[in-house]
There are 2 protein chains.
Amino acid sequence: MSKILVVDDELDISELVALHLARDGHECVCLTNGLEVFPYVTSHQPDLIVLDLMLPGQDGLTVFKRLRADSRSRTTPVIILTARAQMSDRISGLELGADDYLTKPFSPRELALRISAVLRRTQRVQAVSEVKTGRFLLDRKNMKLFLDDTPVDLTTTEFKLLATLMENDKAVHTRSELLREVWGYSDEVATRTLDTHVKRLREKLGDAGRHIVTVRGTGYQFCVTLPDS
Amino acid sequence: MSKILVVDDELDISELVALHLARDGHECVCLTNGLEVFPYVTSHQPDLIVLDLMLPGQDGLTVFKRLRADSRSRTTPVIILTARAQMSDRISGLELGADDYLTKPFSPRELALRISAVLRRTQRVQAVSEVKTGRFLLDRKNMKLFLDDTPVDLTTTEFKLLATLMENDKAVHTRSELLREVWGYSDEVATRTLDTHVKRLREKLGDAGRHIVTVRGTGYQFCVTLPDS
DNA sequence: CGCGGCTGTGACGATATTGTCACGAGGTGG
DNA sequence: CCACCTCGTGACAATATCGTCACAGCCGCG
């Protein structure tokens, strides 16, 4: 469900945590060295990071500060793990804007619950702006489409058309409905504009263009799953 | 700065907390009875609620569940106060989506820090003073840009524009959004001001100017990494 | 007071996007 | 099987958007 990065030099803790997270359906990656964190985060974009402060290579607090200073990871949720003796570190972490922290020793169930709570907050925001269905991810806020995680450049009209079609899987949109919602036409017009745009959209989508299904005499629908043929 | 509602039947705790919060510039209101919370929240819309579980009238957990069930308060940040003996309640609170919790006895400073951390997440009150990403280092405090560790002289408007674009990697900023945030325009204006400044900024950045990407029909985005081409 | 730096503006050209047209392909009903 | 209707497509023109440039105004400083 979500990509969780766990950074802890104690392998028994990481493995126990990973087991719990996998049970919740998350994809979990474990790192043990502070120097590995930043390169991993900027290239893999995890949904959440569990970060121990006591790390070899580069200590957790330095790693955290760097994550918060970089525009690619400054909003990535981070839960900091602290030892009881490190009360001052935990307060420093809070001051830097960690999303949560947990004091060792902790129960894996509690960590899993905190992770769920943080993800719920951050994914609630995402749910409003993103539509993810099948091979498609539609980012409304940024007017971007990703197909198989690859960005596809769409014009604003193409994006609006696709977004309208994807709003409800398999919903059939009439031509007049699409012309009204995407183009603002208010009355019946005989125009090939819609056809041309559907064509251009299908071209840009390549083989995934067939997810836009023509309903003859009515309009078009978007189908995530297609019958094999 | 923010309206904080503190709900605790122990007045000495509430008053100590209120004193600390006032020191941080917050406006603090204290309630002692669980039945008073919901009516107050729906009419006053506090920015954050500190909620003790042990309450007369209506216990804190029931109050919290009601807050989360109502659309007016579903997203209001809540920090739950628990006694050490109530470990099961604290986990129940997390499962319901509390933003944080604190176990009694606690230091008022720690609560104040947690409140700041939660408000920071929900309100984006503070911006990181330094943004370092890729070849760029943006020093907000001194209004300085360093490109490949070399200082680049920017005017105040150029700096504000770049800082806004760099806030979140790949976030697309519309023209009207940029005109509002950098120039303070409040309505739609047809102006080439933004284009001219983007041009001047790109000139000063040299080859790194291509990190400012035009999104036709929408505006601009800042991309730390660019596709090779 | 003059000069230089900064900023905003409008005109114009370049580029991208969009709409239209004509024609053919494909589907459907009689 | 044929006529008719609907849709797809390629080419082209129109329109919208962005980039650029030159200039003017403002402000601060020497």
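Note on naming: letters A, B, ... go to the chains in the order of the sequence lines (proteins, then strands), and numbering restarts at 1 for each one.
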Show the distances under 3.5 angstrom between N or O atoms of the protein and N or O atoms of nucleotides 19-27 of chain C.
unit_1, atom_1, unit_2, atom_2, d
dG19(C), OP1, Trp183(A), NE1, 3.0
dG19(C), OP2, Trp183(A), NE1, 2.8
dG19(C), N7, Arg200(A), NH1, 3.4
dG19(C), O6, Arg200(A), NH2, 2.5
dT20(C), OP2, Thr191(A), OG1, 2.9
dT20(C), OP2, Thr193(A), OG1, 2.9
dG26(C), N2, Arg216(A), NH2, 2.1
dG27(C), O4', Arg216(A), NH1, 3.2

From His26(B) NE2 over to Lys3(B) NZ, what is the distance, rounded to the nearest 0.5 angstrom?
14.0 Å
Compute the ring centroids of Phe136(A) and His211(A), then answer whether they are less than 6.0 Å apart.
yes
Check the orientation of Tyr185(A) and Trp183(A). Use parallel for under 30°, tilted for 30 to 60°, and perpendicular for over 60°.
tilted
Taking only N and O in the side chain of Thr214(B), is any of them less than 4.0 Å away from OP1 or OP2 of dA16(C)?
no
Could Asp148(B) and Arg135(B) be called an ion pair, given the rule that one side-chain N must be under 4.0 Å from one carboxylate O?
yes
In whole angstrom, give the distance that lies between atom CG of Asp153(B) and atom P of dG4(C).
18 Å
I want to check a possible cation-pi pair here: Arg66(A) against Phe38(A), using under 6.0 Å from ring centre and within 45° of the ring axis as the test.
yes
Starting at the 5' end of DNA chain D, which residue's closest nucleotide do you reach first, Thr218(B) or Lys199(A)?
Lys199(A)
Any residue meeting side chain to side chain donor-acceptor pair (under 3.5 Å) with Asp70(A), in chain and number order, not counting sequence neighbours
Arg72(A), Thr133(B)
When rounded to whole Å, the CG to C1' distance for the pair Leu161(B) and dG8(C) reads 14 Å
Without decimals, in angstroms, what is the distance between Glu158(A) CD and dA16(C) C1'?
11 Å
Rounded to whole Å, CG of Leu154(B) lies from P of dT7(C) at a distance of 10 Å
Taking only side-chain nitrogens and oxygens of Thr155(B), does any of them come within less than 4.0 Å of OP1 or OP2 of dT7(C)?
yes
For the pair made of CG in Asp195(B) and P in dT7(C), what is the distance, rounded to whole Å?
16 Å
Ignoring hydrogens and angles, tell me if any N or O in the side chain of Arg202(A) forms a donor-acceptor pair with the backbone of Ile212(A) under 3.5 Å.
yes
Just by distance, with hydrogens left out, do Thr193(B) and Thr191(B) show a side-chain donor and acceptor under 3.5 Å apart?
yes
Could you check Ala190(B) against Thr156(B) and say which one's nearest nucleotide on DNA chain C is further toward the 5' end?
Thr156(B)
Tightest non-hydrogen contact, residues Leu147(B) and Leu205(B), listed as CD2-O, 3.6 Å
Bounds of contact between DNA chain D and chain A, in 5' to 3' order, using a heavy-atom cut-off under 4.0 Å:
dC5(D) to dA11(D)
